Colleague: 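Quick one: structure below, then a few questions.
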There are 2 protein chains.
Amino acid sequence: MTSEGFGHPYAVLRPVRSGNTFEETIEHLLQAIRVGLFPPGQKLPSERDLAAHLGVSRATLREALAELQQAGYLEVRRGRYGGTYILESAASTGAEEGRIDPEELRDVLTFRAVIEPAAAEVAAQADLPASARQHLQACLTDLQAAEQGSYRARDARFHIAVAELTGSPTLITAVAETRARTSALLDKIPLLPANLEHSNQQHEAITGAILRGDAAQARTLMADHLEGTAALLRGFLEG
Amino acid sequence: MTSEGFGHPYAVLRPVRSGNTFEETIEHLLQAIRVGLFPPGQKLPSERDLAAHLGVSRATLREALAELQQAGYLEVRRGRYGGTYILESAASTGAEEGRIDPEELRDVLTFRAVIEPAAAEVAAQADLPASARQHLQACLTDLQAAEQGSYRARDARFHIAVAELTGSPTLITAVAETRARTSALLDKIPLLPANLEHSNQQHEAITGAILRGDAAQARTLMADHLEGTAALLRGFLEG
DNA sequence: CTCCAATGGACTAGTTTCAGTCCATGGCGT
DNA sequence: ACGCCATGGACTGAAACTAGTCCATTGGAG
């Protein structure tokens, strides 16, 4: 519970800006990478394209890219068919220092437990076109072939794919942001190799429920699935 | 369904900025007013305070306030114990022109149906302190005493109060934003005086379920309650 | 081999936003 | 009456951000 009283205006009236445009741009890009949107080896859209879609000037975007490049996440190649490439090191951001903020943890876990099962439920209710079904299946297959290093990103990717099936941009964004926040938290705890096999079984079951339109089941399965990570994080905080 | 394909980067990589700081500030303030955070007659926090909490310079905040003042939403009084007061006209933004975007409608209704019932559920599960229970009850009483003009804002206020009980800032913000978006949509349709009595019964039942900790019931009741407005909006879009 | 086109790189002028400072107003306590 | 002081009002110089333009690089098409 926040220490503020209830009905307090600033619980609703949040900051319009959370820092430099430049910093926020970095954060957006990092989030996209963390979440597996741009797998290592692939390249980002062109600067002009990215800048336009991020609603930021190319100059500012380039500042952000320069920072990420210096931090070793990106490599830039010039010329025709050049571009900005994601390096392997972008994925393996192992065990960064810094303690976990209990408030942040509570907030993320609560919100996640709200939207992800709901996303699965809505997705299962939707009338999915073939392309959607294929995309989900592809993400699942991809995830099941993942190695230790690529697992987290592909996991996020899969969960976002589920959200995409809902066709609700707000819901997609919410899931993506929550995934990024979760990943940031997971980066702060020593990596006990999770039970990937069990997770993969759950992913498969969730996919199945969604594809056959079993909304209630999809919801329940997703909720169970999330509980694993949640318990891990909570446990580490207390320990 | 969005026209873009699935797995498209820009479904996740959203704009960092959605306009001038100044415009966004206006939007934030308007949202707060629409949502009943500042009832007519009351005054806003001091400029210095507001600016700090909105993460915006006082100069920019003042630009926004000037705009809202010119639009007839606010009145300013100087001197000690002066301040910026919300005018009555701020509430009665009846029937603005402009068509409803079907995509926006779909998105809002989907998202709302996801988070609000969930918020009610989480609130019911929480171990609520006396102050929380009182606040919810107060919002309910306030709402039930509302006139035609003040109803929408107090309704929003009540729903946000439910979200506040969850103690999750992200969830609170999400509910508040969704409420503001819904209100904006409702402003665009002719006001058929909704069945306030029925709504009030629902509000009372929801409050009851939350206060006695019946999570499943709270969820169901909230979902039913939302369906009313959803049907109204959908119906108007098709008609 | 030459040119094309798409990409990153670099600069400039103009606009917006900011932090800080000082002024003006006017209830309230003394 | 008087002065205090929290409030809105106004200004300035610096920093951030932007739109636009042109340059540099380089793989592929002709």
Side-chain angles (χ1 to χ4, degrees), chain A residues 9-10 13-29 32-33 38 41-87 90, chain B residues 9-10 13-29 32-33 38 41-87 90:
Chain A
Y10 295 129
L13 218 44
R14 313 248 90 196
V16 174
R17 294 281 184 264
S18 42
N20 297 335
T21 303
F22 145 73
E23 285 168 13
E24 276 188 79
T25 305
I26 290 184
E27 208 42 57
H28 265 62
L29 292 171
I33 293 173
F38 301 112
Q42 199 179 316
K43 71 176 180 180
L44 267 63
S46 77
E47 292 181 353
R48 289 165 177 87
D49 220 37
L50 253 186
H53 278 88
L54 288 176
V56 150
S57 78
R58 212 183 131 212
T60 304
L61 171 66
R62 279 174 55 75
E63 273 188 274
L65 290 176
E67 193 85 354
L68 290 174
Q69 188 182 3
Q70 196 169 4
Y73 290 100
L74 304 174
E75 181 201 19
V76 176
R77 293 185 217 145
R78 298 183 64 172
R80 174 104 198 236
Y81 296 87
T84 310
Y85 290 77
I86 291 89
L87 295 178
Chain B
Y10 296 129
L13 218 43
R14 312 250 92 197
V16 174
R17 292 281 184 265
S18 41
N20 297 334
T21 303
F22 146 72
E23 285 169 13
E24 276 188 80
T25 305
I26 289 183
E27 208 42 59
H28 263 63
L29 292 171
I33 293 173
F38 301 112
Q42 199 180 316
K43 71 177 181 181
L44 267 60
S46 78
E47 292 181 354
R48 290 166 175 83
D49 219 36
L50 254 186
H53 279 89
L54 288 175
V56 150
S57 77
R58 212 183 132 211
T60 304
L61 171 65
R62 279 174 58 74
E63 274 189 272
L65 290 175
E67 193 85 354
L68 290 174
Q69 188 181 4
Q70 196 169 4
Y73 289 101
L74 302 174
E75 183 201 18
V76 176
R77 292 185 217 145
R78 298 183 65 173
R80 174 100 197 240
Y81 294 87
T84 309
Y85 290 77
I86 290 90
L87 295 177

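Chain identifiers are assigned alphabetically (A, B, ...) following the order of the sequence lines, protein sequences preceding nucleic acid strands; residue numbering begins at 1 within each chain. Remember, it's a predicted structure, so these values are computed and weren't measured experimentally.
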Colleague: Without decimals, in angstroms, what is the distance between B/Phe22 CZ and C/dC18 C1'?
Modeller: 16 Å

Colleague: Could you give the distance from CG (A/Leu74) to CD1 (A/Ile33), rounded to the nearest 0.5 Å?
Modeller: 5.0 Å

Colleague: Tell me whether the side-chain N/O atoms of B/Thr60 come closer than 4.0 Å to OP1 or OP2 in C/dT16.
Modeller: no

Colleague: As a test of reading the structure: which of C/dG9, D/dG8, D/dG28 is closest to the side chain of A/Tyr81, going by heavy atoms?
Modeller: D/dG28

Colleague: Tell me the interatomic distance from B/Arg80, atom CZ, to D/dA6, atom C1', rounded to whole angstroms.
Modeller: 5 Å

Colleague: Search all heavy atoms of B/Tyr85 against all heavy atoms of B/Tyr81 and return the closest pair with its distance.
Modeller: OH-O, 3.7 Å

Colleague: Quick one: B/Ile26 CD1 to C/dT17 P, roughly how many Å, whole number?
Modeller: 11 Å

Colleague: Quick one: B/Lys43 NZ to D/dT7 P, roughly how many Å, whole number?
Modeller: 7 Å

Colleague: What is the minimum heavy-atom distance between B/Leu87 and B/Gly72, and which atoms define it?
Modeller: CD1-O, 3.6 Å

Colleague: Whole angstrom is fine here: how far is it from CG in B/Asn20 over to P in C/dC18?
Modeller: 11 Å

Colleague: Does A/Thr84 make a side-chain N or O approach to OP1 or OP2 of C/dG8 shorter than 4.0 Å?
Modeller: yes

Colleague: One pair to check against salt bridge (Lys or Arg N to Asp or Glu O under 4.0 Å): A/Glu24 and A/Arg17. What are the steps and the verdict?
Modeller: CA-CA 9 Å; A/Glu24 276 188 79; A/Arg17 294 281 184 264; 5.3 Å; no

Colleague: Quickly work out the A/Arg77 CZ to D/dG28 P distance and round it to whole Å.
Modeller: 12 Å

Colleague: Do A/Arg48 and C/dG8 share a donor-acceptor pair, side chain to base, under 3.5 Å?
Modeller: yes

Colleague: Closest to the A/Val56 side chain: D/dT18, D/dT25, D/dG9?
Modeller: D/dT18

Colleague: Could you check which of D/dA10, C/dT25, D/dT7 has an atom nearest any side-chain atom of B/Arg62?
Modeller: D/dA10

Colleague: Taking atom C1' of C/dT7 as reference, at what distance in whole Å does atom CD of A/Glu75 sit?
Modeller: 15 Å

Colleague: In whole angstrom, what separates A/Leu61's CG from C/dT7's P?
Modeller: 14 Å

Colleague: Would you kindly compare B/Arg58 and B/Thr21 by the position of their nearest DNA chain C nucleotide and give the one closer to the 5′ end?
Modeller: B/Thr21

Colleague: From the options B/Val76, B/Ile26, B/Leu29, select the one residue that forms a side chain to side chain contact (heavy atoms under 4.5 Å, CB included) with B/Leu65.
Modeller: B/Leu29

